[in-house]
Each structure stands twice: as structure tokens, then as C-alpha cells.
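All ligand and atom numbering here is 1-based and tracks the order in the structure. Scope of the values below: all heavy atoms of this structure, side chains included, with no hydrogens, waters or symmetry mates.
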Amino acid sequence: MPWIAAVRERQIESRRLVTDRAIVEATLGRSPRSVLDLGCGEGWLARALAATGIAVIGIDAIPALIEQARRAGGGDFRVMSYEDVAAGRLSEPVDAVVCNFALLGNESVAGLFGVIRSLLNPHGSLLIQTLHPAIACGDHPYQDGWRKGSWAGFNADFGDPAPWYFRTLESWIKLFPEHGLRLLEMREPLHPQTQKPASVIFIAQVAD
Ligand SMILES: C[S@@+](CC[C@H](N)C(=O)[O-])C[C@H]1O[C@@H](n2cnc3c(N)ncnc32)[C@H](O)[C@@H]1O
């Protein structure tokens, strides 16, 4: 029924407003002069950050998305996969690496964390916004593992829903110290209607 669609769309819209603003604010809070947007998609976050004077590199594996991002401008957009990044094909260290709803795998995430310090300047920051595990878990057991594709948290550009790797909060939090990073803060932006977390944001820094 149309009203259901209308309600849903408004919910998605308010969610986008909450999580978009949350990741922009979290990133600006680190005062970076340069940012790498991993899995930048069509580039909205890169554009929002570039508008404040930050030099942004955006990478994504999907050429059509990078093409759209380039047309809209605002950043240095490149077709590149996380596997390319993990293999050391990015050589310009930045003040902050940002991943907005873009860490969907297991091995690919392990590969990225393996090189994250080499992507960052001393005291550089890593910011990750992702689905909140307590919400995204649904009726499944609360344990790490591959889950069937879902549209939840994905934008329309993403094509067919691909399988994604569920991580518990404990598992996310362990990733940082295992890779030479100190978790500074965890944020849980609330959905204005449901008052449940719309996402979780991890803010980490290169450990001394
Ligand atoms: C849900 S979208 C989010 C896009 C963007 N960060 C945003 O906020 O709109 C996830 C993005 O991650 C990218 N991505 C996922 N796995 C990737 C990989 N292994 N290498 C490069 N990009 C990847 C996808 O192409 C997609 O654009």
C-alpha cells in the first residue's frame, strides 16, 4: 500500500539524515586535512568533507560509481578494490581513513586492517560507521558469520543484495588493538522515530 511505502521512505530518509550527519561530524571532529574514503560509492561523503576544505581520495571497486563521483567532483576518485589497497597500491598517507557502511566482508576487512597503519599519518584516525550489531542481528545467533544479503543499510546504488559478514560488537572492538590502533570512542546515533541505534561509529587512532 502506498502509505506503507511513504512511511518506509520517510524512515529511510530520517535514518540517512541521522547517519550521514553522524559520520560527517565524527570525521570533522578529528580535524583531518586529508581523508581516504574507502568504499566511497557515488561520493557524497567525499563531497561533504571536501566542501570544508579537506583533500579527499575516494576509492571504490565499482567503476560506474566512481564515474558518478568524478562527474560530481569534490575528490580524487579512483577505481580500486580493498584487495588492491591491502596489496599496498595506495601510497599517500592521510590524516583519516573513513569507511561508511562499506565494510561488508571478512577477509577483505582483515586485509584492510592489515595495512591501515601504513595508510595513516602518525596519530591518524580510522572512522567506521556500520550497522549496529544488536539491531542487525535480528533472530540469528549473536555470533560472527556470513549472512544472506539484505537491503537494510544499503543504498539503491548497491545492486543485488550481496552476502555480508556479521560481526558482534566484541569482535569489532578487538580488531583495533590487534592492528596497532587505539579505540577512542564508540557512538550509537539514535533513529529519531524508533529511538534505537541507527548505526554504530567507531573512532580509533594510530597507537604510539
Ligand atoms: C553500502 S555502499 C556505501 C557507499 C558509501 N560509503 C556511502 O556512504 O554511500 C558500500 C560500498 O562499498 C564498496 N565496496 C564493497 N566491497 C568493496 C571492495 N572489496 N573493494 C572496493 N569497494 C568495495 C561498494 O562498491 C559500495 O559502493
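- Inclusion of N100 in the set of residues having an N or O under 3.5 Å from an N or O of ligand 1 is warranted.
- In summary, the atoms of ligand 1 found under 4.0 Å from a heavy atom of F101, numbered by their order in the structure, are 1 (C), 2 (S), 3 (C), 10 (C).
- Contact of the I203 side chain with the R30 side chain is registered, since non-hydrogen atoms from C-beta on lie closer than 4.5 Å.
- Y82 has its side chain out of reach of V115: every pair of non-hydrogen atoms, C-beta onward, lies at least 4.5 Å apart.
- At a heavy-atom cutoff of 4.0 Å, ligand 1 is contacted by the backbone of M80 but not by its side chain.
- Ligand 1 is approached by E83 to a heavy-atom distance shorter than 4.0 Å.
- When the heavy atoms of L131, V98, D60, I23 are ranked by distance to atom 25 (O) of ligand 1, first place goes to D60.
- Heavy atoms of C40 found under 4.0 angstrom from ligand 1 belong exclusively to the backbone.
- In terms of N/O distances under 3.5 Å, ligand 1 is not approached by D37.
- Heavy-atom proximity to W44, at under 4.0 Å, picks out these atoms of ligand 1: 7 (C), 8 (O), 9 (O).
- For ligand 1, the atoms closer than 4.0 angstrom to any heavy atom of I62 are 25 (O).
- Close approach of ligand 1 to A61 is summarised as follows: ligand atoms under 4.0 Å from at least one heavy atom of the residue are 20 (N), 21 (C), 22 (N).
- Here is the list of ligand 1 atoms found below 4.0 Å of a heavy atom in L65: 27 (O).
- The shortest side-chain heavy-atom distance between T19 and H191 does not fall under the 4.5 Å cut-off.
- When the options D37, L38, L36 are evaluated for a side-chain contact (heavy atoms from CB on, under 4.5 Å) with C40, the one that passes is D37.
- For the side chain to side chain donor-acceptor pair (under 3.5 Å) condition, the pairs that include at least one residue of residues 129-141, sequence neighbours left out, are N100-Q129, Q129-S199, H132-E188.
- Ligand 1 has no nitrogen or oxygen under 3.5 angstrom from a nitrogen or oxygen of E42.
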Would you please test R47 and E42 for salt bridge (charged side-chain N to carboxylate O under 4.0 Å, His left out) and show each step?
CA-CA 10 Å; R47 285 193 293 284; E42 55 66 58; 2.6 Å; yes
Could you go through F202 and L175, starting from their C-alpha distance and side-chain angles, then the distance that decides it, and tell me whether this counts as side-chain contact (heavy atoms from CB on, under 4.5 Å)?
CA-CA 11 Å; F202 302 101; L175 278 172; over 6 Å; no
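- Among G39, G41, A102, the residue whose heavy atom lies nearest to atom 6 (N) of ligand 1 is G39.
- Remark: R147 is positioned above the aromatic ring of F166, its terminal NZ or CZ atom under 6.0 angstrom from the ring centre and at most 45 degrees off the axis.
- Taking the six-membered ring for Trp and thresholds of 30 and 60 degrees, F113 and H179 have ring planes inclined between 30 and 60 degrees apart.
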